[in-house]
Amino acid sequence: MSNSTAPFVVIGTGLAGYNLVKELRKLAPEQEIIMITADDGRNYSKPMLSTGFGKNKSADELAMGSAADMAAQLNIVIRTHTSVTKIDTANHKVFVGEEPISYSKLVLAWGAEAIRPRMEGDGADRVFSINDLEDYASFRAVVDGKKRVLVMGAGLIGCEFANDMVNGGFEVEVVAPCEHILPTLLPTEAAHAVQEGLEGLGVKFHLGPLVTRINRDGDGVVAQLSNGTNVAADAVVSAIGLRPRLDLAVKAGIQVNHGIVADRLLQTSEPDVYTLGDCAEVEGRVLLYVLPLMASARALAKTLTGTPTEVSYGVMPVTVKTPVVPVVVSPAAPDSAGRWIIEREGADVQAEFRNEAGDLLGYALTGAKVMNKVALNKELPAIMP
Ligand SMILES: Cc1cc2nc3c(=O)[nH]c(=O)nc-3n(C[C@H](O)[C@H](O)[C@H](O)COP(=O)(O)OP(=O)(O)OC[C@H]3O[C@@H](n4cnc5c(N)ncnc54)[C@H](O)[C@@H]3O)c2cc1C
């Protein structure tokens, strides 16, 4: 039963939730809005979490506003440290424990969760994921005064943390089961250029093996790798991947696939329930980046205020924050037919992915070549026109 006088309820105060509400406020100054978040509701830019050690910024310094500041600025109610535990779409209610909260429109902006590594040993409690500002604060407290960090994973987040933590004065070793770093983003030559840059800063890579066991060793840990190597560290950062949060949606009967399934209006399978950001799969695409969620926030604000508006994704290159060797990449759509054409001069790589007709479908640029992104962007097809 829909209840059109009930508030809009937005679950999540990440960039998706806050950007949506900012857009909503431009169009509907009076609309009653409740935001609910499991964390402290501070407004911060999550991409900055992997630049904080190099800049020596505490969690407080990365925060741009408290939940109270945001509530006042946006004229909304924000419930912090509050987890939604159930959704009843038939009756248009979400539950926090036993407490029901009615909605007229519900927006799921609850993000993605870090995949936890499975391994043996008694040191698992020294393995940390850094997926929000509170995680970052706890990790900084753990490594305060320490010097050796082991990073699990050599994807975007693992490589960014490796570069950042070495800039912050740590000795960093990276373990990942892939043949080259940034395996889903870069062709081999470009990955080598970035790896060599990181090695030049002192980062040590173990590519190929998995971490199989982590044992405590005094204040720190020793990690056993599947190739027999042992790596000692004060703490471990796990950056082996993120996956959209789905559990609550599944229990509520909302259709999911890799993410919460949404059409281009960002509507889920259930009436009056919408989704955007890291938890959403929009017409088959799960994109764990800021630009798609910004486009989604703009479109969804219009839809929720009475002007149904489909989201489009233009060209959305991804910058990998490895300042030692800058990287910009625009991956081709999965399963596109084509081949890489690659030029490399030291750390500077220009890799273009073209089809048989010669059309540019994707690219990867490193070092000084990143400045060619503007020209290449003009040639690329939109991700979802
Ligand atoms: C280290 C790092 C670096 C990154 N760098 C870049 C970059 O350079 N460029 C880029 O484009 N992208 C980058 N990303 C990705 C980008 O940060 C994310 O795509 C974006 O922040 C996702 O925002 P979100 O609002 O969807 O999710 P989140 O920020 O994860 O927010 C989820 C919100 O939902 C809340 N929540 C979850 N479950 C519940 C529940 N049951 N009840 C109530 N609340 C709940 C959480 O408390 C939180 O408030 C990076 C990510 C990381 C981790």
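Counting starts at 1 for both ligands and their atoms, following the listed order.
- With hydrophobic clusters built from ILVMFWY side chains whose heavy atoms lie under 4.5 angstrom apart, Y289 shares a cluster with V311.
- Listed by chain and number, the residues in a side-chain hydrogen bond (donor to acceptor under 3.5 Å, both in side chains) with E343 amount to none (sequence neighbours excluded).
- Proximity of a side-chain donor or acceptor of R285 to a complementary backbone N or O of I383 within less than 3.5 Å is detected.
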Output block, N or O contacts of ligand 1, threshold 3.5 Å exclusive:
from: ligand 1; atom 1: 5 (N); to: K321; atom 2: NZ; distance (Å): 2.8
from: ligand 1; atom 1: 8 (O); to: K321; atom 2: NZ; distance (Å): 2.5
from: ligand 1; atom 1: 11 (O); to: V290; atom 2: N; distance (Å): 2.8
from: ligand 1; atom 1: 19 (O); to: D278; atom 2: OD1; distance (Å): 2.7
from: ligand 1; atom 1: 19 (O); to: D278; atom 2: OD2; distance (Å): 3.4
from: ligand 1; atom 1: 19 (O); to: L288; atom 2: O; distance (Å): 3.3
from: ligand 1; atom 1: 19 (O); to: Y289; atom 2: N; distance (Å): 3.3
from: ligand 1; atom 1: 25 (O); to: L15; atom 2: N; distance (Å): 3.2
from: ligand 1; atom 1: 25 (O); to: A16; atom 2: N; distance (Å): 2.9
from: ligand 1; atom 1: 26 (O); to: D278; atom 2: N; distance (Å): 2.9
from: ligand 1; atom 1: 30 (O); to: K46; atom 2: NZ; distance (Å): 2.9
from: ligand 1; atom 1: 41 (N); to: V84; atom 2: O; distance (Å): 3.2
from: ligand 1; atom 1: 42 (N); to: V84; atom 2: N; distance (Å): 2.9
from: ligand 1; atom 1: 44 (N); to: A38; atom 2: N; distance (Å): 3.1
from: ligand 1; atom 1: 47 (O); to: T37; atom 2: OG1; distance (Å): 3.1
from: ligand 1; atom 1: 47 (O); to: A38; atom 2: N; distance (Å): 3.4
from: ligand 1; atom 1: 47 (O); to: D39; atom 2: N; distance (Å): 3.3
from: ligand 1; atom 1: 47 (O); to: D39; atom 2: OD2; distance (Å): 3.2
from: ligand 1; atom 1: 49 (O); to: T13; atom 2: N; distance (Å): 3.0
from: ligand 1; atom 1: 49 (O); to: T13; atom 2: OG1; distance (Å): 3.4
from: ligand 1; atom 1: 49 (O); to: T37; atom 2: OG1; distance (Å): 2.8
from: ligand 1; atom 1: 49 (O); to: D39; atom 2: OD2; distance (Å): 3.2

Q: Step by step, work out the side-chain contact (heavy atoms from CB on, under 4.5 Å) result for L198 and F205.
A: CA-CA 9 Å; L198 289 167; F205 285 93; 3.7 Å; yes
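- In this structure, the ring of F170 has its center less than 6.0 angstrom from the ring center of F53.
- With V107 as the partner, the side-chain contact (heavy atoms from CB on, under 4.5 Å) test is satisfied by one option alone out of V21, L300, T275: L300.
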